[in-house]
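The residues of the chain are indexed from 1 along the displayed sequence.
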Amino acid sequence: MGRKALVNGKGNFPFLFFGDTMNKIKIPLLVFTVLLIAGIADAVDQLPINPAPGYFGSVTINGQPAPVGTTIIAKIGGEIRGSITTSVSGFFGDDPGPAKLWVTGFQNETGSIVTFFTNNVTAQQTIQLTGAGTLNRVDLSFIIPSGGGPGGTGGEGAEVEAEV
């Protein structure tokens, strides 16, 4: 039996993968599989952190406890990802307890710097976005210029924003 017969009976050894209809299906299937795996790997980074990490702590404005009704907003890349309104003067969230500033993020954002704002003024503190279900204390302080700065007075019901 000659070499031709041992290979595939057709004598086209160098073109073994391209020789018949079945092999013409294998190459596109292989390419599709590789692309699918790459897409799945990228999608894993876009999975939400679940449960979201929670943040709580004290909050002062110009050295005074922030008033009840102060809204704290968390942002990642300019997008709102969570909010909480203070129910106790000078504190957002509770510890122990379920009330927290839950920040929705994605797996690939873990470790991003969280920046906090009130009335468009940046807090003096930052913290990193942490992993699933973690609870994090961050004590925030803001210095708002006389007249309240952009968007308000910093008084009753002041809005506080957090950007990640």
* Take Val138 and Phe92 through the side chain to side chain contact (heavy atoms under 4.5 Å, CB included) test and state the conclusion after the steps. => CA-CA 10 Å; Val138 57; Phe92 69 99; 3.8 Å; yes
* Structure fact -> Closest heavy-atom pair, Gly105 versus Arg81, reported as atoms and distance to 0.1 Å, is CA-NH1, 3.8 Å
* To do: Of all the heavy-atom pairs spanning Ser89 and Pro67, show the shortest one and how long it is.
  => OG-CA, 4.3 Å
* In the single-linkage hydrophobic clustering (I, L, V, M, F, W, Y; side-chain heavy atoms under 4.5 Å), do Leu129 and Trp102 co-cluster? -> no
* Can any side-chain N or O of Thr86 pair as donor or acceptor with the backbone N or O of Thr70 at less than 3.5 Å? -> yes
* For the side chain of Ser87 and the backbone of Gly69, is there at least one donor-acceptor N/O pair under 3.5 Å apart? -> no
* Nearest-0.5 Å distance, CG of residue Asn136 to OG1 of residue Thr130 -> 3.5 Å
* To do: Could you tell me which non-hydrogen atom of Ile144 sits nearest to which non-hydrogen atom of Asn62, and how far apart they are?
  => N-OD1, 2.6 Å
* Going by the side chain to side chain contact (heavy atoms under 4.5 Å, CB included) test, name the single residue among Ile127, Leu140, Leu135, Thr134 that passes it with Tyr55. => Ile127
* To do: Give the cluster check for Ile84 versus Ile49: same hydrophobic cluster or not, with ILVMFWY residues linked at side-chain heavy-atom distances below 4.5 Å.
  => yes
* How far apart are the closest heavy atoms of Val103 and Ala74, and which atoms are they? -> CG2-CB, 3.6 Å
* Please name all residues satisfying side-chain hydrogen bond (donor to acceptor under 3.5 Å, both in side chains) with Gln128, sequence neighbours left out, ordered by chain then number. => none
* Sequence neighbours left out, what pairs pass salt bridge (Lys or Arg N to Asp or Glu O under 4.0 Å) with at least one residue falling in residues 83-99? => Asp94-Lys100
* To do: Would you name the heavy atoms of Gly90 and Pro65 that are closest together and state the gap between them?
  => CA-CB, 3.6 Å
* Does any pair with a residue in residues 110-138 pass salt bridge (Lys or Arg N to Asp or Glu O under 4.0 Å), and if so which ones, sequence neighbours excluded? -> Arg137-Asp139
* How many angstroms lie between atom CG of Asn50 and atom OG1 of Thr104, to the nearest 0.5 angstrom? -> 9.0 Å
* Would you name the heavy atoms of Gly131 and Thr110 that are closest together and state the gap between them? => N-CG2, 4.2 Å
* Asked: side chain to side chain contact (heavy atoms under 4.5 Å, CB included) between Val59 and Phe142: does it pass, once the steps are laid out?
  -> CA-CA 8 Å; Val59 58; Phe142 300 91; 3.7 Å; yes
